[in-house]
*Asks:* 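Please find one structure pasted underneath; my questions will follow.
Quick note on labels: first sequence line is chain A, next is B, and so on, each numbered from 1. Just so it is clear, the model here is predicted, and its values are computed rather than measured.
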Amino acid sequence: MIKQRITERLGSIVEKYCKEKGLTESISFAVEIPPKNIDADFAVNAAMLLAKKIKANPRVVAQEIINIIMSEMADFVDKADIAGAGFINLRLKNEILYKELAAIIEQKEKYGSLASNNKEKIMVEFVSANPTGPLHIGHGRGAAIGDSLARVLRHLGYNVTKEYYLNDVGNQMQVLAESVRLRYLQLKGDEVPFLEDGYKGEYIIDIAKRLISENKNINAIDFKKEAVKDILATIENDLKDFSVVFDNWFSEGGIAVDKDKNGKTEVDKACEYLQSTGNAYVQDEALWLASTKFGDDKDRVLKRSDGRYTYLASDVAYHKNKFERGFTKLVNLWGADHHGYVARIEACVQMLGFSKEALKVLLYQLVSLVRNGKPVPMSTRSGEFVPLKEVVDEVGKDACRFFFLLRAPDSQLEFDLELAKKQSGENPVFYVQYVNARCHSIFRESQNRTDLNTEPDFSLLNTKEERELMKQLSTFCDILALCEKTMSPHHFTAYLIELADIYHKFYEKCRVLGDDSKLTVSRLKLIEAVTIIIKNGLGLLGVSAPEKM
RNA sequence: GCGCCCGUAGCUCAACCGGAUAGAGCGUUUGACUACGAAUCAAAAGGUUAGAGGUUCGACUCCUCUCGGGCGCGCCA
């Protein structure tokens, strides 16, 4: 928030300066956090950029801008000086930090929320794993990223819907049904061979066992329906244990199977619409999507020559449906193995009359598993996959989510199962949670004091450690903005680790419960703000903030 | 063969539109508990940012090429 305000005010100063120098347009400069060895709160590169434009000495330009800053932003800036090639380094007035501290304490969990001015309807679609087996660890990464992103966007005031797209039609469903049926027969004693490409997991046998225990006639059993029912229940439960709850589960059957009064499905209608607008055409008895018109490298089949639709046709109809439900921004979170699909779905969105920006496809790299130094294959059909549930049960939901969000989605993530199972301080989540526990321990201890019935005076918070702490607390909003800009919540893990680091240093140097009542009360307020930010930040990541550990 | 992503400390990874001495955690070494939780802190060691060239005041970041890893290239989902 502070950074944003500084940027705005500097913007008008720079603009004014540009006019004075006869430039027709202003420049876009950056306000940054300087490296740790520099004793300043913010660094501005405007002078260097301007110097280039007006062909002047950057340090001279910097001095001229500093003169304006010192006269126009005296309420904000304590000190401004030139460094290096022409950086303008600013030191904030402490009063600004005190004000921010007060805002955190007053607004609590609402701090940083912009609920009033932003109501855009956003859909975040993620996980969307086929209902053919339990979620594995790769789905977990998508779940953690998607859910946390949704939490961040909600905190920023967007009207967010989390949706799971359910591919409950198609070949794989037949294979699933057949897999269960064959297991059922085998359990009954028939020596039928199993499908080579069938689903070989133990859960298939469990489903068959349940069906046998219900003692129904085999002809009365809808194997597909029963299998999907059990598997979905498992998926939903595993997600719940991972603190992920969807607002909506969208069935592909609803658009590919269900028909309106004219006997048409939504997929039929979407394809007709594309044809009517010249974006789909018939060739070799198949219906093609002219996706090359919007940047794809080849056109794609929507309807095969035998009359069956492809998966893409359903997906077109699905995205059309999303827009029809009033969403103006769609976020799709896909595993990187689907990246070849991005171009064609972006083409679809444009064919449906929306801008390319209305859809954001986020790819996350797959998780590679290591167990005892050996890579673990992860195909759902191999029967050797590692379920999300197994890892969550062993390392805990908090550690698991934090771990997934520790890295940028673009990075391949190596998940060492043996390492993840170690429930020790090696996991950074404990380091962050420990801050909260320590603060609450002090709160409990402070109950024994009778002299704390006085108003805080923030101006007593003037050590280097306290100032660092207040600064870090005040950048919470900047991290929110960064997550929005990059559409990734992972910045919060780094932020919280840094906050924890600063807090622990503060803890060593500044005793909270001291002889001076006024100072004690002020520091109690400071660490109250710390607990608020830790709890908010961890909350955005779907991680708990225990008061005792 | 073509396309997308990645390559940063021993390991796993950060680095906010291109910015200052590239940062954390783990691991290693050495210190610190008779006041709020040592799940902590202080200090040390560890780097030609895969390689080569280019753009510029300035490149981990942008461009070109090479090498290496992952993934994708079907009238499958």
*Asks:* What's A:Ala43 touching, base or sugar-phosphate or nothing? Going by heavy atoms closer than 4.0 Å.
*Replies:* base
*Asks:* What nucleotide, of B:U40, B:C36, B:C13, holds the atom closest to the side chain of A:Arg407?
*Replies:* B:C13
*Asks:* Taking the same atom, P, in B:C62 and in B:U49, what whole-Å distance lies between them?
*Replies:* 16 Å
*Asks:* Picking from B:C41, B:A77, B:C36, which would you name as closest to the side chain of A:Asp501?
*Replies:* B:C41
*Asks:* Under a 4.0 Å threshold between the charged nitrogen and the carboxylate oxygen, would A:Asp516 count as salt-bridged to A:Lys518?
*Replies:* no
*Asks:* With a 4.0 Å limit, can you tell me whether A:Arg438 has a side-chain N or O closer than that to the phosphate oxygens OP1/OP2 of B:A38?
*Replies:* yes
*Asks:* Any ion pair linking A:Glu528 and A:Lys525 (charged N to carboxylate O, less than 4.0 Å)?
*Replies:* yes
*Asks:* Does A:Tyr431 make a side-chain N or O approach to OP1 or OP2 of B:C41 shorter than 4.0 Å?
*Replies:* yes
*Asks:* Which one, B:C13, B:C76, B:A20, comes nearest to the side chain of A:Asn89?
*Replies:* B:A20
*Asks:* Tell me which of A:Gln365 and A:His440 sits closer to the 5' end of RNA chain B, going by the nucleotide each one is nearest to.
*Replies:* A:Gln365
*Asks:* Would the base of B:C2 count as contacting A:Lys298 through its side chain, where contact means a donor and an acceptor less than 3.5 Å apart?
*Replies:* no
*Asks:* Base, sugar-phosphate or nothing for A:Val169? Non-hydrogen atoms, less than 4.0 Å.
*Replies:* sugar-phosphate
*Asks:* Could you check whether atom CG of A:Asp39 has more than 12 heavy atoms from other residues, nucleotides or ligands sitting under 6.0 Å from it?
*Replies:* no
*Asks:* Which part of the nucleic acid, if any, lies within contact of A:Pro34, taking any heavy atom under 4.0 Å across all strands shown: a base, the sugar-phosphate backbone alone, or nothing?
*Replies:* base
*Asks:* Quick test of your reading of the model: are A:Arg444 and A:Glu547 salt-bridged, counting only N-O distances below 4.0 Å?
*Replies:* no
*Asks:* Need one value for A:Tyr165: base, sugar-phosphate or nothing, where a base atom within 4.0 Å counts as base even if backbone is also close, heavy atoms only.
*Replies:* nothing
*Asks:* Hey, is B:C26 sitting syn or anti, using the within-90° cutoff around 0?
*Replies:* anti
*Asks:* Could you identify the nucleotide paired to B:G23, looking across every strand shown and requiring Watson-Crick or G-U wobble geometry with both distances under 3.5 Å?
*Replies:* B:C13
*Asks:* Write down the partner of B:G3 under the Watson-Crick or G-U wobble criteria, each distance required to be under 3.5 Å.
*Replies:* B:C71
*Asks:* Got a sec: does the NZ of A:Lys397 have more than 12 other heavy atoms crowding it under 6.0 Å?
*Replies:* yes
*Asks:* Do you see a donor-acceptor pair shorter than 3.5 Å between the side chains of A:His155 and A:Asn536?
*Replies:* no
*Asks:* When the P atoms of B:U48 and B:G23 are compared, how many Å lie between them, rounded to an integer?
*Replies:* 15 Å
*Asks:* If you check the A:Tyr311 side chain, which of B:C36, B:A20, B:A77 turns out closest?
*Replies:* B:A77
*Asks:* For a quick check of understanding: with a heavy-atom distance under 4.0 Å over all strands, which category does A:Ala336 fall into, base, sugar-phosphate or nothing?
*Replies:* sugar-phosphate
*Asks:* Just checking A:Ala343: base, sugar-phosphate only, or nothing, at a heavy-atom cut-off of under 4.0 Å?
*Replies:* nothing
*Asks:* Tell me if the side-chain of A:Ser441 makes a donor-acceptor pair with the base of B:C36, cut-off 3.5 Å, by modelled atom types.
*Replies:* no
*Asks:* Nearest of B:C5, B:A77, B:C36 to any side-chain atom of A:Arg304?
*Replies:* B:A77
*Asks:* With a 3.5 Å cut-off and just heavy-atom distances, do the side chain of A:Asp337 and the base of B:G72 make a donor-acceptor pair?
*Replies:* no
*Asks:* The side chain of A:Thr310 is closest to which nucleotide in this list: B:A15, B:C5, B:C75?
*Replies:* B:C75
*Asks:* Less than 5.5 Å between centroids and less than 30° between ring planes, does A:Tyr434 satisfy that with B:G37?
*Replies:* no
*Asks:* Please determine, for B:G37, whether a Watson-Crick or G-U wobble partner exists with both distances under 3.5 Å, and give it or none.
*Replies:* none
*Asks:* Regarding A:Glu64 and A:Lys21, does a basic nitrogen lie under 4.0 Å from an acidic carboxylate oxygen?
*Replies:* yes
*Asks:* Answer with base, sugar-phosphate or nothing: what part of the nucleic acid does A:Asn130 contact at a heavy-atom distance below 4.0 Å?
*Replies:* sugar-phosphate
*Asks:* If we take the P atom in both B:G54 and B:A14, what is their distance in whole Å?
*Replies:* 30 Å
*Asks:* Looking at the side chain of A:Met549, which of B:C16, B:G37, B:C41 is the nearest nucleotide?
*Replies:* B:G37
*Asks:* Taking atom P in both B:A9 and B:C60, compute the distance separating them and give it to the nearest angstrom.
*Replies:* 14 Å
*Asks:* Just to be sure I understand the rule, does A:Lys505 reach a base, reach only the sugar-phosphate, or reach nothing, if contact means heavy atoms closer than 4.0 Å?
*Replies:* sugar-phosphate
*Asks:* Within less than 4.0 Å of OP1 or OP2 of B:A14, is there a side-chain N or O belonging to A:Ser411?
*Replies:* yes
*Asks:* Would you mind pulling out the nucleotide paired to B:C76, Watson-Crick or G-U wobble, both distances under 3.5 Å?
*Replies:* none
*Asks:* Pick base, sugar-phosphate or nothing for A:Leu513, based on heavy-atom distances below 4.0 Å to the nucleic acid.
*Replies:* base
*Asks:* Are any of the side-chain nitrogens in A:Lys322 or A:Glu163 under 4.0 Å away from the carboxylate oxygens of its partner?
*Replies:* no
*Asks:* Report the distance from atom CD of A:Glu498 to atom CD of A:Gln472, rounding to the nearest 0.5 Å.
*Replies:* 4.5 Å
*Asks:* Does A:His339 get its side chain close enough to the base of B:G3, under 3.5 Å, for a donor-acceptor pair?
*Replies:* yes
*Asks:* Among the nucleotides B:A77, B:C36, B:C16, which one has an atom lying closest to any side-chain atom of A:Ile33?
*Replies:* B:C16
*Asks:* For B:C6 versus B:A43, give the span between their C1' atoms, rounded off to a whole number of Å.
*Replies:* 35 Å
*Asks:* Using a heavy-atom cut-off of under 4.0 Å over every strand shown, decide if A:Cys510 touches base, sugar-phosphate, or nothing.
*Replies:* base
*Asks:* Using atom P of each nucleotide, how far apart are B:G10 and B:G47 to the nearest Å?
*Replies:* 6 Å
*Asks:* When both hydrogen-bonding distances must be under 3.5 Å and the geometry is Watson-Crick or G-U wobble, what is B:G53 paired with, if anything?
*Replies:* B:C63
*Asks:* Distance between the P atoms of B:C2 and B:G74, in whole angstroms?
*Replies:* 16 Å
*Asks:* Taking a pair as Watson-Crick or G-U wobble with both distances under 3.5 Å, which nucleotide is matched to B:A42?
*Replies:* B:U30
*Asks:* Taking the minimum atom-to-atom distance to the side chain of A:Tyr507, which one of B:A38, B:A15, B:A24 wins?
*Replies:* B:A38
*Asks:* Considering only the P atoms, how many Å lie between B:G51 and B:A22, rounded to the nearest integer?
*Replies:* 16 Å
*Asks:* Could you say whether A:Phe29 or A:Ala500 is positioned toward the 5' end of RNA chain B, judged by the nucleotide with the nearest heavy atom to each?
*Replies:* A:Phe29
*Asks:* From B:A20, B:C75, B:A14, pick the nucleotide closest to the side chain of A:Phe87?
*Replies:* B:A20
